[in-house]
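Single-structure report; data block below.
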2 protein chains.
Amino acid sequence: MPHPLIPVVSRPGDEYFVAGDVRERTDASRNRLLILRSAQELIAERGVSCLTMDALAEKAGVGKGTIFRRFGSRSGLMTALLDHSERDFQQCLLSGPPPLGPGAPALERLLAYGRAIVERFELTGELQQAADAQGWRLFAVPARLFQHQHVAMLLRAGGCRGDAELLAHTLMAGLEPRLLHYQLKDANITTERVVENWNFMVRAVLPTPP
Amino acid sequence: MPHPLIPVVSRPGDEYFVAGDVRERTDASRNRLLILRSAQELIAERGVSCLTMDALAEKAGVGKGTIFRRFGSRSGLMTALLDHSERDFQQCLLSGPPPLGPGAPALERLLAYGRAIVERFELTGELQQAADAQGWRLFAVPARLFQHQHVAMLLRAGGCRGDAELLAHTLMAGLEPRLLHYQLKDANITTERVVENWNFMVRAVLPTPP
DNA sequence: AGAGTAAACGGACTGCAGTCCGTTTATATT
DNA sequence: AATATAAACGGACTGCAGTCCGTTTACTCT
């Protein structure tokens, strides 16, 4: 089902394409860029929700089949559009400056993580929601798995006594794009309050420092 | 936008229809039952994901417009199908036997709530996910608001020191159908482990009893 | 360079959710 | 019983995601 050339986001350092050696044909590469660039333009003009695959195909000057061959689905396309931002973010977690990156205590890093996610939502939330769609395999997506591992690791490093793997799921569920959208856009809850709540949860779950 | 006759689930005791006095026309009522019954049959035969609105219209012997007039959307229909189960559940929370209902300490009631949600997922999870669809107004739905209020109330009653309203969101996010589906069906995590994790979170968030 | 081939292409086609609007009908009123 | 009217009805229609498959094309091998 996953086409070998569908772009993915796993860890920084991974190659952009799943299939190891196969080189991307030049026409394929040209069209990929055309499609992504056109998509960004259309989104800039009319917003994510107005982006139809037909319109995109026309604007990019390619057949609709080409888009689907490459990105698999509308949400696959959105995922690809998020790719750069996601890689940057992963890079920050892995080797950026503390407290987001390594070098700070686990607790601090978790707090920074929550704030970063909320702030990132302000920028890319609409895309994130569109990338969600169809969602019950959302959790098996590389970007998601990476972040889950990261949070679970920090929880363990912080000396958490619970089930780090599941706790990471639960905590992260509180930062889901859909929930953030509801809280920030519909329920008029401030960013700061959301971040504070995350901080509270994290502290509640980690043992209090001596 | 919400049609006056769209069935909702708010609190037990509310009337089934939003509009106060307007009586449902007899043909409307007959068709509503026809549609719901046919939907249940089709789902029993082929599963939720195979239920198309066209097939349903044909089986129920009504026009497709009639279905949409009444239920608004596919997920509205699913919500209506969940209605009974939801009402029963709400009833249990409000006036059932402890620890789910009143009479037990807040902590116990929260633990029971988590277990009940997970167990309910086993029965109605597929429907819940279908009712989700399109979801970023999911959180404004009556059934959801009710449960949110309930959990927030228990958190306050339990002496929680954080932001009860937001904590309720976050905790409940860990019991979302999509996440449960991933954990229980895809990741092969046991029910018991999920429940244990909920218990851990709830205990972490409430002050330890003396 | 020329042939062979695997991959990419494109756009007509399918299936489904959701809309629109002219028609029908249940109920209230006289 | 006849009339009025607001509500309900139904199915053709639209728009969009996603598929299919015959055609084209970029590379490889000789």
Side-chain angles (χ1 to χ4, degrees), chain A residues 1-7 17-35 38-39 42 46-79 130-135 137, chain B residues 1-7 17-19 21-35 38-39 42 46-80 130-135 137:
Chain A
M1 179 112 295
H3 185 276
L5 291 189
I6 290 177
F17 296 107
V18 187
D21 330 336
V22 199
R23 266 238 221 306
E24 192 183 25
R25 247 170 65 168
T26 59
D27 52 347
S29 158
R30 173 177 43 81
N31 283 339
R32 179 169 52 78
L33 294 174
L34 267 173
I35 292 167
S38 306
L42 283 177
R46 302 188 193 170
V48 172
S49 63
C50 288
L51 178 68
T52 74
M53 304 308 263
D54 289 279
L56 176 57
E58 191 182 4
K59 172 134 189 169
V62 304
K64 197 155 62 142
T66 303
I67 301 180
F68 279 93
R69 145 169 281 264
R70 189 158 308 277
F71 299 103
S73 68
R74 189 183 137 96
S75 45
L77 173 70
M78 301 303 181
T79 304
D132 245 44
Q134 196 46 267
R137 63 178 42 182
Chain B
M1 181 109 294
H3 185 275
L5 289 189
I6 289 178
F17 295 107
V18 188
D21 329 337
V22 200
R23 270 241 216 304
E24 192 183 26
R25 248 170 65 167
T26 58
D27 51 348
S29 158
R30 173 177 43 81
N31 283 338
R32 179 168 52 78
L33 294 174
L34 267 173
I35 291 167
S38 306
L42 283 177
R46 302 188 193 170
V48 171
S49 61
C50 288
L51 178 67
T52 73
M53 304 307 263
D54 288 279
L56 177 56
E58 191 181 7
K59 173 135 189 168
V62 304
K64 195 155 64 142
T66 303
I67 301 181
F68 280 94
R69 146 168 280 264
R70 188 160 308 277
F71 299 104
S73 67
R74 189 183 137 97
S75 45
L77 173 70
M78 301 302 181
T79 304
D132 244 45
Q134 198 43 268
R137 63 177 43 182

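Note on naming: letters A, B, ... go to the chains in the order of the sequence lines (proteins, then strands), and numbering restarts at 1 for each one.
Rounding to whole angstrom units, CZ of residue R69(A) and C1' of dA7(C) are separated by 6 Å. Rounded to an integer number of Å, the gap from CG of D54(B) to C1' of dG15(C) is 9 Å. Separating the CE atom of M53(B) from the P atom of dT19(C) is a distance of 11 Å, rounded to the nearest angstrom. Atom CD in E24(B) sits roughly 15 Å away from atom C1' in dT25(C) (whole-Å rounding). Across the protein-nucleic acid pair, R70(B) atom CZ and dC9(D) atom C1' stand 10 Å apart, rounded to whole Å. Rounded to an integer number of Å, the gap from CG of D27(B) to P of dA6(D) is 17 Å. Rounded to an integer number of Å, the gap from N31(B) CG to dT25(C) P is 12 Å. Across the protein-nucleic acid pair, L77(B) atom CG and dG18(C) atom C1' stand 13 Å apart, rounded to whole Å.
In this structure, I35(B) CD1 and T66(B) OG1 are separated by 6.5 Å, a value rounded to the nearest 0.5 Å.
A close approach under 4.0 Å does not occur between any side-chain nitrogen or oxygen of R25(B) and OP1 or OP2 of dT27(C). Phosphate proximity of dA17(D) to S73(A): absent, as no side-chain N or O sits under 4.0 Å from OP1 or OP2.
Here the nucleotide nearest the side chain of T66(A), chosen from dA26(D), dC9(C), dT19(D), is dC9(C). Closest to the side chain of F68(A), out of dG18(D), dA26(D), dT27(C), is dG18(D). Set against dC9(C), dA12(D), dA7(D), the side chain of K64(B) has dA12(D) as its closest nucleotide. Here the side chain of T52(A) is nearest to one of dC16(C), dC16(D), dA8(C), namely dC16(D).
E24(B) and R32(B) are joined by a salt bridge, as a carboxylate oxygen and a charged side-chain nitrogen come within less than 4.0 angstrom of each other.
Between R74(A) and S49(A) the shortest heavy-atom distance is NH2-CA, 4.3 Å. The shortest non-hydrogen separation linking S75(A) to A131(A) is CB-O, 3.3 Å.
Side chains of R46(B) and L51(B) form no contact here, defined as non-hydrogen atoms less than 4.5 Å apart.
Residue contacts shown for L56(B) are absent, as no nucleic acid heavy atom lies under 4.0 Å away.
Along DNA chain C, the nucleotide nearest to T26(B) and the one nearest to V62(A) differ in position, and the one closer to the 5' end is contacted by V62(A).
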